[in-house]
Structure formats: C-alpha cells, structure tokens
Protein chains: 2
Amino acid sequence: MPHAKAKPAINTRIQARNKELILEAALEVFSVSGFRGATVDQIAARADMSKPNLLYYFRRKEDIYVALLEHTLSDWLEPLRALDPAGDPLAELSRYITAKMQMSEANPMASRLFANEILHGAPMIEKFLKGPLKQLVAEKAEVIRFWMANGKLAHADPYHLIFAIWAVTQHYADFSVQVEAVLGRRENGRSAQKAVLDILLRGLRPRQP
Amino acid sequence: MPHAKAKPAINTRIQARNKELILEAALEVFSVSGFRGATVDQIAARADMSKPNLLYYFRRKEDIYVALLEHTLSDWLEPLRALDPAGDPLAELSRYITAKMQMSEANPMASRLFANEILHGAPMIEKFLKGPLKQLVAEKAEVIRFWMANGKLAHADPYHLIFAIWAVTQHYADFSVQVEAVLGRRENGRSAQKAVLDILLRGLRPRQP
DNA sequence: GTCTATAATATGATAGAC
DNA sequence: GTCTATCATATTATAGAC
C-alpha cells in the first residue's frame, strides 16, 4: 500500500464557517458580560454548538477573546486612517465623526467589547495601544495641527480633540442604557448624529474665513 | 441575678471602621475587574481581613457592590445639581465641566465602577437612571434651553450637550489607559481640563453678545 | 468533527471552635 | 468578632467513544 498522506486540511469551509459562528456568538456574550463574566457555556449555547466542540476550534476561552479583538481592531481605525490632509478640514472631521457615530449605531457590541477591555486596563491590547494606535493618532494630530496653522481651523489641542470625538461618539454605544433611560426612549441615530456634529465642530470654524 | 439584657450593639465604631475598610478595598477591586471579575478573596486580601470575616459584615458579594454604588451615586450628581439658572451660562457650564474633570482625576475608580455597571446594562441601578437621574437631567436641560432661548447661549440640543460633557469628562478616568498610551505619558490634569473646556464651550458663545 | 462524561480548579458561602 | 476548615457549586478544560 502506498504511503497514506497525513490527513490534509479537509472541510476547511466548515471550519471557517464554524469559527465565524463562534466569533459572532462570542461577541454577543463578551460585549454583555465582559471577559470574566462570559462563560464558554453561554457562547457555545448561542453558537448552537456543544462546549467541547467549541473548544475544539478555540482551545481556551482567552483565545476566542483575543481573536475577536484582533478581528475588529483594524476596522475600528479605518475612519481615522481615512482623514485626508488634502481635503477640506471641516468636511473631513465631519465625515470622521459621522462614520464613528454610524459604527456605534451599527455595531454597539464591538464598541462595548473594546470599552470593557480598556476599562479593565487593556491587558490584551496594550501593545496595540502603544504601537499602531499611538502612531496613527500622532500622524493625524499632525494633520489637524497643520490645518490649524494654516488658518483653516480654529486652534485647539489636536490630541484632546480626537479624544473628545472618540468619547462622544462611543458614548452612544457604550452607555446606550443610560442615554435611553434619560431620554425615556430609544435614541434616534440621525438626531444624535446631527447634535454631535454641531457640538463638536461649531467651535472649530476658523475666525477669519 | 437580674435579667441580662440582649446583647447591645457593642463596638459599633469597629464595625463602622471595618465596613469602611471593606468598601474602600471593594472599590479598588470592582473598578478594575467589574462585578463578576472581582472575587471576595481579592477584596478580603486588600482589606487585610479573612474572607469569612468580611462576609460577616456583608453576607453576599452583591451586597458590597450595591452598598458601594449607593454610597457614591448621590455625590456623583452634585455638580449637575449645582448648575444655577441665575448664574452666567458659560460660567456655570464651565464650572460644571471643571468639577467633572476634577472628579475624574480625583476618583477614577468610582467613575470606572459606574462605567462598568452601565456598560453591562445597569442591572443594579436601572431604577436610579430612569428615576432621579432622568428627572434631574430634564430639569437642567430646561435651564439650558432657557438660556439659549434668551440668547445667552448659542443653540444646541441640551440633552446631547449634557451627554457630550459626561462622555468627554469621564473618558479621562474610564479610558485613562488609552489616553496615556496614545500620549506616551501620564496625562496632566490641568492641560486636559483646559483643552476640554475649550472644545466643549467655544461653540456655545452667543452670536450677538 | 462531534459527542458524553468527567477531571481539575476556582469561588461564593457556611459551620463551628475560640 | 474573628478565625480555620470545609461544603457546594460553577466553570474551564480534557479524555475518549463514536
């Protein structure tokens, strides 16, 4: 009998599909309960899978969590990356803020996942914060500073401006329970968007156009 | 022998002291790990107390958590309560923002405790959000609207303005890990305060003074 | 690849001596 | 009031049949 090859990667499609299902379920569970609050049981149940089967795809609970963070970290930065030095400053910032508000509305669970991770000291993504994120923000802060120096934008600290944009836009995802409790209703995405743009950008119009 | 009285409350001072110690330790642990992430062991260790002894003062872990939230909920609202309809609008808002920034800096752990509770759906303080908090915000939004109607403040949605103030000021406590990673240093309270006041209030100066 | 059963551990909570 | 010892349970993770 000719040498039987070591088993090749069969059913890669099923594997990919199941990994997707697990990550999807895990996002729902982790974003509600945090890393420690979530149990593998809950994730398995939501993914319609037995616990051992789930642990066949991801050996440890932590592996699912890390995969989930990595899976979305890059998307998260895309709108900031898109800030174009050659564009009109107010239009660029407006586009950025709108994109962040839409991300908060479309995927509040991802926002809460990150919020939770950072709130707890960012043990898993510390390197990302101090590396790629710091690097990108430095670059874009320079762009904003350049706009201000050229009189196209009123002066303000670029770093704190970026923090303010993050804080306000993510607030609607992370603290939606509070927002809805205070307003007494489910927040309307569009009206919040309009109000936020107004509050954050009005003060940035240059003095002498 | 005359009838011995049922034991009176002896050592109430020690009890009060120990409860204080426990709450102090619990704040540190819960604010880092959240309700589920925190263990009674950790809290007891940090309070220099045995676990059973701690559970003599608070029968269940949840009791400590609730006591902690109630213990600080009221303080949390004080600066907003102090917003004075008779005062100068920009000065009042400036004072409010500054007070919130100082609270974030002085007690980031309390801020994170609330952030965590709300992030996870606010199971313990839902009534507080829909009751006293909603009530107070409605009242103060009315004050802001009144200022705007009288031309003392540029127009903006009062509710979303309050949300923006909360979001930005609490960001420095809740996401301090990220802020410090991006800035590459520990944030200076005073410069952040100045920048935040500038970003949030500049757009609110009335058009025709 | 998927399951049942179970090991190994962590943790909330209690009993009972002192 | 405080301690040591321990129970009961929940949960991560693995073994091994199918």
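The structure displayed is predicted, hence computed values, not measured ones. Letters A, B, ... are given to chains in the order of the sequence lines, protein chains preceding strands, and every chain is numbered from 1.
Counting only residues at least two apart or on different chains, the ring-ring contact (aromatic ring centres under 6.0 Å, His included) pairs with a member in residues 173-195 of chain B are B:His171-B:Phe175.
Taking 4.0 angstrom as the limit, A:Tyr56 places a side-chain polar atom (N or O) nearer than this to OP1 or OP2 of C:dG1. The side chain of A:Tyr57 places an N or O atom within less than 4.0 Å of a non-bridging phosphate oxygen (OP1 or OP2) of C:dT2. The shortest distance between the side-chain N/O atoms of B:Arg59 and the OP1/OP2 oxygens of C:dT14 is below 4.0 Å.
Note: CG (B:Asp63) to P (C:dA13) measures 8 Å, nearest angstrom. Between the C1' atom of D:dG1 and the CZ atom of B:Phe58 lies a distance of 15 Å, rounded to the nearest Å. Spacing between atom OH of B:Tyr65 and atom C1' of C:dT11 amounts to 18 Å, rounded to whole angstrom units. For the pair B:Lys61 NZ and D:dT9 C1', the interatomic distance rounds to 14 Å; values are reported in whole Å.
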Contacts table for residues 70-77 of chain B: side-chain donor-acceptor under 3.5 angstrom, sequence neighbours left out:
unit_1	atom_1	unit_2	atom_2	d
B:Thr72	OG1	B:Leu68	O	2.9
B:Thr72	OG1	B:Leu69	O	3.4

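For B:Ala154, the side-chain contact (heavy atoms from CB on, under 4.5 Å) partners two or more places apart in sequence, or in a different chain, are A:Arg202. In this view, A:Thr39 satisfies the side-chain hydrogen bond (donor to acceptor under 3.5 Å, both in side chains) rule with no residue, not counting sequence neighbours. Legend: residues meeting side-chain hydrogen bond (donor to acceptor under 3.5 Å, both in side chains) with A:Glu142, ordered by chain and number and at least two apart, are absent.
Contact check of residues 32-55 of chain B against DNA chain D (heavy atom, cut-off under 4.0 Å) returns B:Arg36, B:Ser50, B:Pro52, B:Asn53.
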Could you walk me through whether A:Arg17 and A:Glu20 pass the salt bridge (Lys or Arg N to Asp or Glu O under 4.0 Å) check?
CA-CA 5 Å; A:Arg17 171 77 185 137; A:Glu20 266 310 314; over 6 Å; no
